[in-house]
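So the structure is just underneath, and the comments pick up after that.
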Amino acid sequence: VVTVAAEPSEISIGQSAQLTASGLEDYLWQPGKTLSDSTISNPQATPTITTLYTVTGTSASGCIGQVTLTVTVRQEN
């Protein structure tokens with residue numbers, strides 16, 4: 001089972017959120033272009049718009065789990 005979190009889950013433009021996944025061995029986050037590293041369990045996300053991230057995790061025995069989470073970006077007025 002993959003568990004995920006974003007701290008904080010709501011940011012302003014220019015801020016970052018710490019994404020965290022746990023429960024499996026290998027991870028791949030999508031989309032990866034706004035992440036510090038899309039292949040680690042805890043990348044920093046710096047999106048400029050609200051983004052839905054999907055992480056796919058694989059266990060040592062080959063079981064696969066997938067979870068999504070949203071980082072909301074507040075648009076400044």
Side-chain angles (χ1 to χ4, degrees):
V1 173
V2 180
T3 57
V4 295
E7 186 61 43
S9 61
E10 186 173 310
I11 61 173
S12 294
I13 292 174
Q15 294 182 322
S16 64
Q18 179 70 55
L19 307 185
T20 306
S22 61
L24 296 173
E25 301 293 318
D26 297 311
Y27 301 94
L28 179 62
W29 292 87
Q30 299 269 335
K33 67 180 182 178
T34 60
L35 300 176
S36 59
D37 185 336
S38 64
T39 62
I40 62 174
S41 64
N42 59 341
Q44 286 282 330
T46 54
T48 56
I49 60 171
T50 297
T51 303
L52 176 69
Y53 291 99
T54 301
V55 62
T56 303
T58 307
S59 72
S61 63
C63 293
I64 296 173
Q66 191 172 67
V67 180
T68 60
L69 63 84
T70 300
V71 175
T72 302
V73 177
R74 293 185 300 271
Q75 300 299 317
E76 306 298 325
N77 292 329

- Task: Kindly say whether E7 contributes a backbone atom to a donor-acceptor pair with the side chain of S9 at under 3.5 angstrom?
- Result: no
- Between P8 and S16, what is the shortest heavy-atom contact and its length? CD-O, 4.0 Å
- Query: So, for S38 and G32, which heavy atoms are closest and what is the spacing to 0.1 Å?
  - Reply: CB-CA, 3.9 Å
- Message: Given 3.5 Å as the limit, does a donor-acceptor pair link the side chain of S59 with the main chain of C63, or not?
- Response: yes
- Do the side chains of L24 and L28 join up, straight or via other hydrophobic residues, at under 4.5 Å, putting them in one cluster? no
- Hey, any chance I13 and L35 share a hydrophobic cluster, counting ILVMFWY side chains that come within less than 4.5 Å of each other, even indirectly? yes
- Item | S22 and T3: CA distance, side-chain angles, deciding distance, side chain to side chain donor-acceptor pair (under 3.5 Å) verdict | CA-CA 5 Å; S22 61; T3 57; 2.7 Å; yes
- Nearest non-hydrogen partners of T70 and T50, listed with the distance: CG2-CG2, 3.6 Å
- Cluster question for you: counting only ILVMFWY and a side-chain heavy-atom cut-off of under 4.5 Å, with indirect links fine, are L69 and I40 together? no
- When rounded to the nearest 0.5 angstrom, what distance separates CD in Q44 from CD in Q15? 11.5 Å
- Task: Could you name each residue pair satisfying salt bridge (Lys or Arg N to Asp or Glu O under 4.0 Å) that touches residues 14-32, not counting sequence neighbours?
- Result: none
- Task: For a side-chain contact (heavy atoms from CB on, under 4.5 Å) with Y53, tell me which candidate from V67, V71, V4 qualifies.
- Result: V71
- Message: Any donor-acceptor pair under 3.5 Å linking the side-chain atoms of T54 with those of Q30?
- Response: no
- Query: Can you name the closest pair of heavy atoms from T20 and W29 and give their distance?
  - Reply: C-CZ2, 4.2 Å
- Query: Taking all non-hydrogen atoms of both residues, which atom of A45 and which atom of P47 are closest, and how far apart?
  - Reply: C-CD, 3.3 Å
- Query: Roughly how far apart are T34 OG1 and L19 CG, rounded to 0.5 Å?
  - Reply: 8.0 Å
- Task: Please assess Q18 against N42 for the test side chain to side chain contact (heavy atoms under 4.5 Å, CB included), listing each intermediate value before the final yes or no.
- Result: CA-CA 7 Å; Q18 179 70 55; N42 59 341; 3.4 Å; yes
- Applying side chain to side chain contact (heavy atoms under 4.5 Å, CB included), run through Y27 and T39 and close with a yes or a no. CA-CA 5 Å; Y27 301 94; T39 62; over 6 Å; no
- Any side-chain heavy atom of V55 sitting closer than 4.5 Å to one from S41? no
- Note on the structure: Closest non-hydrogen atoms of Q75 and I49, given as atom of the first, atom of the second and distance, are NE2-CA, 4.3 Å
